[in-house]
Peer 1: 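The structure's right below; bear with me while I get my questions together.
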Amino acid sequence: MPSITRILKRWDDFKAERSTRDTLHQEIADYTIPQQSNIIITRIEGQKQTEKLFDSTAIHSSGLLAASLHGTMTPSTQPWLSLRMRDEELNTVKEVADWLEEVARRLHLALRQSNFNTAVHEMYRQLVNFATGVLFMQERPLLANGQFAGFQCQSVAWGAYAIAEDPEGRVDTLYRVRRMPRRSIIDKWPKAAFPKEFVDKARQKPDERAEVLHAVEPRRDRAYTVKGPKPGSKNMPWASCYLLVSEKILLDEGGFEEFPYMVPRWGKDADETYGTGIGHIALPDIKTLNAAKEFLLKAAPLAMFPPTVEKDESVLGDPDLTPGGRNVVSGQGAMSDLFGFLEPRGRLDMTQLVLADLKQSIKEMYFVPQLQLQDGPQMTATEVQVRWELMQRFLGPTVGRLEAEFLNPLVERCFGIMARANALPPVPEALRQLGAMADIDVEYEGPLARAQRTIELTAQDRVIGFAMQIDEKDPTSDEKAMDILDIDSIMRDRANITGLPSKNVRGEEQVEAKRAGRRQARQTQEQMAQTEQMAGAAGKAAPMLKELQAAAISGQNGSQR
């Protein structure tokens, strides 16, 4: 049984270590993602959360970047991952290639049929603004017939969790607190030993919330036998327990085969645990923009409706400042001496320039110029390619970290869940004999990943075109530039890069059989042509043979005489 005191003490230590960052992230949330600004300020549901906002540039820009990451890394409309064996020779085996493609298809289908796309977009918004995102992935309860029922995903908001790393910098511990209605807590964990006071409160106030802490960390005391680890949820690699914080009781204890939380970080220094990213860098400009916008909104009415300047008791009644209003002035002297308007000396046009510069700076930090399509005519294919290459160049380091900290653990987790639920096709005999299940690599095929690999296609086109130009200059030469190119390998690479299904690509044995048949047919035709040629030559030679035979007979007769 886990030590409840140790877990609660560690949770308190986590919160203390995170407190300074919580203050900073509360400020970031106020200006960039106000709907998730309940970090150190507790607001009731439905309460206004935009008191500090005077400009929405940062909100729009961060939302656009999050949506673009979703659309380029894990798009919902197209497959974004494929599987390959690390041993390249196995990838040429038809049954292995078909099996890998079918597994990838089922993984993608299961993610699409779950709430993954909704939850991952929320996670991307956390990642863009706080530089750290968390996605919880678990299996839904099996159907009544024991079949796989799909995935259940959930994004975790900043302030509700704390993390720790292993010696290699990978997140291997996550504590997360949830505020749940008392009634829901009893329904979810009916076997827990709830105190009578808690049950009574749940009956009196069923919707009153209490904190439940979920702690996931490496299991340090796994039990082993001769055959390996002992089976059971309480002996899995990752320990999991749910605690009722206020009553300090254990609600449930179990485990996971894979770490169930994916924790990507935008960028991270060597000595820090949580990420640092765009929200931290852009915060000064965002706050300055909001302050300048607030000043402009306060100064603009003064320019549009300036205060009046009146000589004492020169205006009968209160001044009428409505359009078309009449002001009766008494006294003698020039009108300007009796009644006028005070002209503000502020330069509102300078404020507009400052606002424009700040907005542009914030948009550039969030890569908005690269994300938005240009106004006017539709971009050409070359312009689209250049845009994607720029995105890859700007987001290259971040994409690499996302693959390592988010996509790889995600695919590993999904593959493990579906394999244990028998939701994947049977393993081919070629893999079963080799025992190569641990050597499967994941390749990502989202628009951004494809844009990165299209450079290979361009290189192939240039080299092939150059080789053909050289061969055309000297068609009689025995040394062909095309001889150095492995056309079969190039064609298979192009099929893989462009995402052509493996069922449309023949295996090496099938290709060799087809080519052997073609060679046999060509040899047969050549043999038939030679036979016909010999037969034709024999037909032409027959009259000459007859004449020679006649001449020989005539010569013999002459000699006898």
Side-chain angles (χ1 to χ4, degrees), residues 25 28-29 31-37 49-50 53 55-81 108 111-112 114-135 137 153-158 262-267 275 277-283 286 359-375 378-379 383-403 405-407 410 444-452:
H25 283 196
I28 293 175
Y31 290 104
T32 63
I33 183 170
Q35 65 270 29
Q36 295 187 16
S37 58
Q49 298 177 321
T50 56
L53 279 177
D55 186 271
S56 60
T57 301
I59 298 176
H60 177 263
S61 299
S62 63
L64 180 61
L65 179 56
S68 298
L69 284 175
H70 187 187
T72 55
M73 298 291 294
T74 54
S76 60
T77 56
Q78 67 185 70
W80 49 267
L81 67 91
H108 185 259
L111 288 171
R112 286 187 59 187
S114 69
N115 67 328
F116 171 75
N117 288 303
T118 301
V120 77
H121 179 67
E122 297 176 4
M123 188 278 294
Y124 281 128
R125 296 206 66 176
Q126 295 273 338
L127 178 66
V128 166
N129 291 289
F130 303 136
T132 305
V134 174
L135 185 72
M137 168 70 72
C153 309
Q154 188 175 25
S155 174
V156 184
W158 178 271
M262 275 56 71
V263 190
R265 291 161 289 186
W266 187 273
I278 299 176
H280 304 82
I281 299 172
L283 183 60
I286 295 172
K359 287 184 177 182
Q360 183 63 24
S361 174
I362 294 170
K363 290 179 179 179
E364 289 177 354
M365 292 184 193
Y366 284 101
F367 306 104
V368 172
Q370 287 75 35
L371 297 174
Q372 286 184 329
L373 297 179
Q374 65 179 12
D375 296 332
Q378 186 176 2
M379 289 193 297
E383 290 172 330
V384 172
Q385 176 64 27
V386 171
R387 182 68 59 90
W388 281 118
E389 289 181 1
L390 287 174
M391 279 291 297
Q392 188 271 339
R393 188 182 307 166
F394 294 141
L395 297 180
T398 300
V399 170
R401 181 174 286 275
L402 285 178
E403 290 182 357
E405 296 185 344
F406 174 52
L407 296 181
L410 173 68
Y444 301 104
E445 299 180 339
L448 188 56
R450 288 192 184 280
Q452 294 173 355

Peer 1: When you compare the side chain of W158 with that of I28, does any pair of heavy atoms fall below 4.5 Å?
Peer 2: no

Peer 1: For T132, which residues count as a side-chain hydrogen bond (donor to acceptor under 3.5 Å, both in side chains) partner, sequence neighbours excluded?
Peer 2: none

Peer 1: Got a second to check how far M73's CE is from S68's OG, nearest 0.5 Å?
Peer 2: 12.5 Å

Peer 1: Of all heavy-atom pairs between L127 and G133, which one has the smallest distance, and what is that distance?
Peer 2: CD1-N, 4.1 Å

Peer 1: Nearest 0.5 Å please: distance from the OG1 atom of T74 over to the CG atom of L410.
Peer 2: 8.5 Å

Peer 1: Check G279 against Y366 and note the closest heavy-atom contact, atom names and distance.
Peer 2: CA-OH, 3.9 Å

Peer 1: Could you tell me whether the side chain of H25 and the main chain of N129 form a donor-acceptor pair under 3.5 Å?
Peer 2: no

Peer 1: Measure the CG-OH distance between L65 and Y124 for me, rounded to the nearest 0.5 Å.
Peer 2: 11.0 Å

Peer 1: Roughly how far apart are H70 NE2 and N117 CG, rounded to 0.5 Å?
Peer 2: 4.0 Å

Peer 1: Once rounded to the nearest 0.5 Å, what's the spacing between atom CG of D55 and atom CG of L53?
Peer 2: 8.5 Å

Peer 1: Just verifying a value: how many Å separate M365 CE and I278 CD1, rounded to the nearest 0.5 Å?
Peer 2: 9.5 Å

Peer 1: Which pair of non-hydrogen atoms, one from Q360 and one from P369, has the smallest distance, and what is that distance?
Peer 2: NE2-CG, 4.2 Å

Peer 1: Mind checking what makes side chain to side chain contact (heavy atoms under 4.5 Å, CB included) contact with T118, not counting sequence neighbours?
Peer 2: E122

Peer 1: Using the six-membered ring wherever Trp is involved, compare the ring planes of F406 and F116 and label them parallel, tilted or perpendicular (cut-offs 30° and 60°).
Peer 2: parallel

Peer 1: What are the two closest non-hydrogen atoms of I33 and R125, and how far apart are they?
Peer 2: CD1-CB, 4.1 Å

Peer 1: Apply side chain to side chain contact (heavy atoms under 4.5 Å, CB included) to A58 and list each qualifying residue two or more places apart in sequence or on a separate chain.
Peer 2: T32, I286, I362

Peer 1: Between P264 and L402, which heavy-atom pair has the shortest distance, and what is it?
Peer 2: CB-CD2, 3.6 Å

Peer 1: Taking all non-hydrogen atoms of both residues into account, name the closest pair between A119 and C153 and its distance.
Peer 2: CB-CB, 3.8 Å

Peer 1: Run the side chain to side chain contact (heavy atoms under 4.5 Å, CB included) test against A131 and tell me which residues pass, sequence neighbours left out.
Peer 2: W266, H280

Peer 1: Applying side-chain hydrogen bond (donor to acceptor under 3.5 Å, both in side chains), name anything that partners Q35, two or more places apart in sequence or on another chain.
Peer 2: none

Peer 1: For R401, which residues count as a side chain to side chain contact (heavy atoms under 4.5 Å, CB included) partner, sequence neighbours excluded?
Peer 2: R265, K268, E405

